[in-house]
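Written below as structure tokens is the structure these notes are about.
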There are 2 protein chains.
Amino acid sequence: MRLRVSPDSAVPIYEQILSQVVFAVAAGDLPAGEAVPSVRELSQQLIVNANTVARAYQELERLGVVEARRGVGMFVTDGGPKVCRDRRKVLVRDRVRETVREAAAAGLSAEELRQLVDDEWPRRNGTAKTPH
Amino acid sequence: MRLRVSPDSAVPIYEQILSQVVFAVAAGDLPAGEAVPSVRELSQQLIVNANTVARAYQELERLGVVEARRGVGMFVTDGGPKVCRDRRKVLVRDRVRETVREAAAAGLSAEELRQLVDDEWPRRNGTAKTPH
DNA sequence: GGTAGTGTACTGGTTCACTGGTACACCACC
DNA sequence: GGTGGTGTACCAGTGAACCAGTACACTACC
């Protein structure tokens with residue numbers, strides 16, 4: 001598992017770590033039962049404070065993706081992969097909901113919104129926001 | 001023109017004012033040439049600082065929606081209504097773009113995304129996020 | 001039991017966005 | 001020219017988010 005963070009990004013470092021781990025677990029790159037890198041190991045690799053990594057991990061634990069065993073490490077739970085896949089879907093649904101509301105407020109029709117989505121779909125691997 | 005702000009909201013007050021004025025201009029409620037409420041008048045009405053209103057107005061001026069005449073007031077420009085209508089469309093398009101990207105990253109197909117949009121469309125006047 | 005690994009609690013500093021208070025510069029009108 | 005309206009510049013306070021330093025508690029292993 002290879003992580004990257006950009007300290008200059010607008011999104012907080014701990015959130016970058018969080019989403020990347022979620023992505024890795026969802027993709028099966030980090031299967032259930034597997035140990036995630038220790039906070040110190042990852043903090044040295046990314047050159048950030050151990051607490052920053054720990055904060056991301058705590059969020060992962062709150063989501064039920066990993067479980068901590070003090071003195072041992074943190075491990076992906078049995079339900080972790082499913083949680084991560086579901087989480088991404090929830091994020092998408094929430095975003096869709098906001099988009100639909102915004103479009104309706106702007107006076108767009110359902111058909112116009114559909115058209116807009118179809119127009120943007122081919123550009124889904126956009127150039128922006130890539131972790132350079 | 002009747003504005004409302006909720007100080008407890010996560011979105012800044014000046015931004016609430018901004019978007020509401022944009023909406024009013026786009027809807028024709030505030031036609032070109034019309035004077036917008038003075039910063040002091042609006043600040044008293046909303047019980048916020050005049051600078052907070054001024055900040056929203058400066059943003060409106062930067063967008064080309066209004067123009068300031070020192071000592072007189074601020075007035076909707078000739079192109080104001082069109083700018084506001086366009087701006088809402090741009091906001092929607094940007095949001096659609098992000099949503100599409102998120103959906104693709106989550107592994108959704110184009111068809112699944114379309115389905116999601118159609119599911120959410122009937123809820124476009126949703127209950128959440130209303131200015132209580 | 002010592003050691004080296006793990007996660008975690010507490011605390012402090014830094015930065016930034018937002019808001020408000022005050023004072024200033026301008027214009028119309030009497 | 002005085003008065004009362006306008007927008008605006010400057011500065012200070014506040015609060016939250018983020019991150020790092022340090023010290024602690026725990027576990028496995030020799």
Side-chain angles (χ1 to χ4, degrees), chain A residues 1 3-22 25 30 33-77 80 131, chain B residues 1 3-22 25 30 33-77 80 131:
Chain A
M1 189 178 67
L3 299 188
R4 276 179 189 282
V5 294
S6 42
D8 299 333
S9 166
V11 315
I13 296 174
Y14 80 92
E15 211 165 299
Q16 298 180 40
I17 298 172
L18 172 64
S19 62
Q20 288 184 47
V21 173
V22 166
V25 174
L30 222 49
E34 190 93 342
V36 298
S38 77
V39 291
R40 282 181 181 76
E41 178 186 345
L42 193 52
S43 71
Q44 287 177 6
Q45 177 185 327
L46 301 178
I47 317 180
V48 297
N49 191 274
N51 272 333
T52 303
V53 178
R55 177 163 179 187
Y57 281 6
Q58 281 167 8
E59 194 69 13
L60 286 170
E61 190 173 23
R62 198 185 62 79
L63 291 171
V65 175
V66 301
E67 62 183 351
R69 282 191 251 160
R70 282 183 72 109
V72 183
M74 304 193 80
F75 302 84
V76 179
T77 63
Chain B
M1 188 179 68
L3 299 188
R4 276 179 189 282
V5 295
S6 41
D8 299 335
S9 167
V11 314
I13 296 174
Y14 82 92
E15 211 166 299
Q16 298 180 40
I17 297 172
L18 172 65
S19 63
Q20 288 184 46
V21 173
V22 167
V25 173
L30 222 48
E34 189 93 342
V36 299
S38 78
V39 292
R40 284 181 180 76
E41 179 187 343
L42 193 53
S43 72
Q44 286 177 6
Q45 178 185 327
L46 301 177
I47 316 180
V48 297
N49 192 275
N51 271 334
T52 304
V53 178
R55 176 161 181 190
Y57 281 7
Q58 282 168 6
E59 194 69 13
L60 286 170
E61 191 173 23
R62 198 185 62 81
L63 291 172
V65 176
V66 301
E67 61 183 352
R69 282 190 253 158
R70 280 183 74 108
V72 183
M74 304 193 80
F75 302 84
V76 178
T77 64

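Letters A, B, ... mirror the listed sequences (proteins, then strands); counts begin at 1.
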*Flag the pair B:Ile13 / B:Leu46 as yes when at least one side-chain heavy-atom distance between them is below 4.5 Å, and no otherwise.*
no
*B:Thr52 side-chain N/O to C:dC18 phosphate OP1/OP2 under 4.0 Å*: no
_Base versus backbone protein contacts along nucleotides 24-30 of chain D [heavy-atom cut-off under 4.0 Å; B, S, -]_ = -BBB---
*asked:* I need the B:Thr52 OG1 to B:Glu15 CD distance, nearest 0.5 Å.
replied: 13.0 Å
_Taking only side-chain N and O atoms of A:Asn49, does any of them lie within less than 4.0 angstrom of OP1 or OP2 on D:dG21?_
yes
*asked:* Please report the distance, rounded to the nearest Å, between CD in A:Gln58 and P in D:dC18.
replied: 14 Å
*asked:* When you measure from the side-chain N and O atoms of B:Tyr14 to the phosphate of C:dC18, is any distance below 4.0 Å, counting only OP1 and OP2?
replied: yes
*For A:Leu60 and C:dT8, give me the distance from atom CG to atom P, rounded to whole Å.*
11 Å
*asked:* Output the rounded distance in Å from CD (B:Gln44) to C1' (D:dT6).
replied: 13 Å
_N/O donor-acceptor pair under 3.5 Å between B:Thr77 side chain and B:Gly64 backbone_ = yes
*More 5' along DNA chain D: B:Glu61 or A:Val11, using each one's nearest nucleotide?*
B:Glu61
*Length of the CD1-C1' vector between B:Ile17 and D:dG7, whole Å*: 15 Å
*Residue pair B:Tyr57 / B:Pro37, side-chain heavy-atom distance below 4.5 Å*: yes
*Can you find a heavy atom in the side chain of A:Val5 that is under 4.5 Å from one in the side chain of A:Ile47?*
no
*Distance check: side-chain N/O of A:Ser38 vs OP1/OP2 of C:dT6, anything under 4.0 Å?*
yes
